[in-house]
Amino acid sequence: MNVSTMIDPTEAVVEPRPETIEGLDNWRTRPTKQQPPWPDQAAADAVSEHLLRVPPLVFAGEVDQLRNQLATVARGEAFVLQGGDCAETFAGATADQIRNRVKTILQMAVVLTYGASLPVVKMGRMAGQFAKPRSSDEETRDGVTLPAYRGDMVNGYEFTEESRTPNPERMLEGYHTAASTLNLIRAFTQGGFADLRMVHSWNRGFAENPANRRYEGLAREIDRAVKFMEAAGANFDELKRVDFFASHEGLLMEYERAMTRIDSRTGLPYDTSAHFLWIGERTRDLDGAHVDFFSRVQNPIGVKLGPSTTVDDMNRLIDILDPDRVPGRLTFITRMGAGTIRDALPPLLDAAQRSEATPIWITDPMHGNGITTQTGFKTRRFDDVVDEVKGFFEAHREVGSHPGGLHVELTGDDVTECMGGTQRIDELGLETRYESLCDPRLNHQQSLELSFLVAEELAV
Ligand code: PEP
Ligand code: MN
């Protein structure tokens, strides 16, 4: 039969898939915090329409794999490392910067794997961390007031009216920048760059630095373990590739909704902008748009929990976001502050244990420990970061629950944004290389040092 006679040309036009199921747009009826006031809503709608038709950034099957890996964390059989910029920038999506961040995370993961004797699930705050919640809608400089910077996906950092005006076209640039970042991450982590022996040799370099002598012993132990594996015939070809997942704060509702696809295998919605999305401390209202929307997608979901979180809030978040109690579905990322975690966390852990839910607990030792110096730098003390991590482990030991992982703002570059560490960055030193447009990040050395300290905690 002549094929052309079978196709009615009017039917051959591919209708856009509606990419919806009942309830997926219910969030539109809810209070929606932290959204940009687009000056031209029609232009924003046009971008959303466009994004509904672009290829997904991640495949739903990968999202399921991550959920399965996170289920092992929920069972206490693995650990999570999640790290990257506070706010990624379009200009920062260069090969060097992406490589340095991936390298830092891989290096940390090797140390943590050894310390915990457990697999480490690796997630970047990368390839999509372009939208930021702000405590104030506006910023004033020298008497001039303009909209606050909300991340490169919304407006520019430059302090001019034009740059600070939200521009929906930036959502498209965010999509393309996420795509190219993810492409390079996949190349690095699948193409040989993640080879265990190479990653470990970078760590040896860190421990050989006289400033880091304290960590030499642990580095030597890992060295022996790698040599033992080699001698015992471990398949190092297998260890040249690692799974590396992308995550960001699910904040910009138009973007996240537009990137959501109905998976042809299961008929269920997946937010294909990243493997893992988290809801921030400022947008986790129980009746808000973010909680409603993310309750309806299949991705594993995180929620940031600050020091004021009550047991009731936590239980209701569990009921809404993980009604079926699926291990790996829900992660609580606590950001309590070093002085608060030992009091605030145990009651939550205890209550979670008494429910039949199995949320993963990750510590974010960054966001509860922010300070501003007299010279105006937003910074954090490395010692406070370490203290919160220690408090996290103590709380879990007290309750008998699994400390599931670590969430840090870091970069692979030698910036000077957080104070302390073996480089002893002080207030004056912050001026040397402060590059973050948002929160201060641990630099490469501080990140590695933190991983060695956490490895010591894990080995206790
Ligand atoms: C962040 O992770 O950059 C952030 C804004 O965190 P939180 O929601 O915990 O304040
Ligand atoms: Mn931050």
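Just follow the structure's listing: the first ligand is 1, and inside any ligand the first atom is 1.
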Asks: For ligand 1, indicate whether the residue A87 contacts it via side chain, backbone, both or neither (heavy-atom separation under 4.0 Å).
Replies: neither
Asks: Provide the number and element of each atom of ligand 1 under 4.0 Å from a heavy atom of E409.
Replies: 1 (C), 2 (O), 3 (O)
Asks: May I ask you to list the atoms of ligand 1 that are less than 4.0 angstrom from any heavy atom of C86?
Replies: 3 (O)
Asks: Would you mind listing which atoms of ligand 1 come within a distance below 4.0 Å of any non-hydrogen atom of P133?
Replies: 5 (C)
Asks: Heavy-atom distances under 4.0 Å decide this one: backbone, side chain, both or neither, for R125 against ligand 1?
Replies: side chain
Asks: Looking only at distances, please establish whether an N/O atom of ligand 1 is found under 3.5 Å from an N/O atom of E281.
Replies: yes
Asks: Are F276 and F245 near enough that their ring centres are under 6.0 Å apart?
Replies: no
Asks: Near H367, which atoms of ligand 1 are under 4.0 Å from a heavy atom of that residue?
Replies: 1 (C), 2 (O), 3 (O), 4 (C), 6 (O)
Asks: Tell me if the aromatic rings of F206 and F452 count as close, with their centers under 6.0 Å from one another.
Replies: yes
Asks: Would E409 and R380 pass as an ion pair if we require N to O under 4.0 Å?
Replies: yes
Asks: Which residues pass the side chain to side chain donor-acceptor pair (under 3.5 Å) test with R67, not counting sequence neighbours?
Replies: D64
Asks: Going by heavy-atom distance to atom 2 (O) of ligand 1, choose the closest among M366, K304, Q129, K132.
Replies: K304
Asks: Does W278 have its ring centroid less than 6.0 Å away from the ring centroid of H407?
Replies: yes
Asks: Suppose we call two aromatic rings close when their centres sit under 6.0 Å apart. Are F130 and F90 close by that rule?
Replies: yes
Asks: Quick one: which residue pairs count as a salt bridge (Lys or Arg N to Asp or Glu O under 4.0 Å) with a foot in residues 165-183, not counting sequence neighbours?
Replies: none
Asks: Are side-chain N/O atoms of S273 and E256 paired as donor and acceptor at under 3.5 Å?
Replies: yes
Asks: Under 4.0 Å between a Lys/Arg side-chain N and an Asp/Glu carboxylate O for E88 and K132?
Replies: no
Asks: Which atoms from ligand 1 have a heavy atom of G280 less than 4.0 Å away?
Replies: 8 (O)
Asks: Can you count the protein N, O or S atoms that lie less than 2.8 Å from the Mn ion (ligand 2)?
Replies: 4
Asks: D142: which residues meet the salt bridge (Lys or Arg N to Asp or Glu O under 4.0 Å) condition with it, sequence neighbours left out?
Replies: none
Asks: Give the atom numbers and elements of ligand 1 that come within less than 4.0 Å of a heavy atom of R335.
Replies: 7 (P), 9 (O), 10 (O)
Asks: Can the ring centroids of W361 and F393 be said to lie less than 6.0 angstrom from one another?
Replies: no
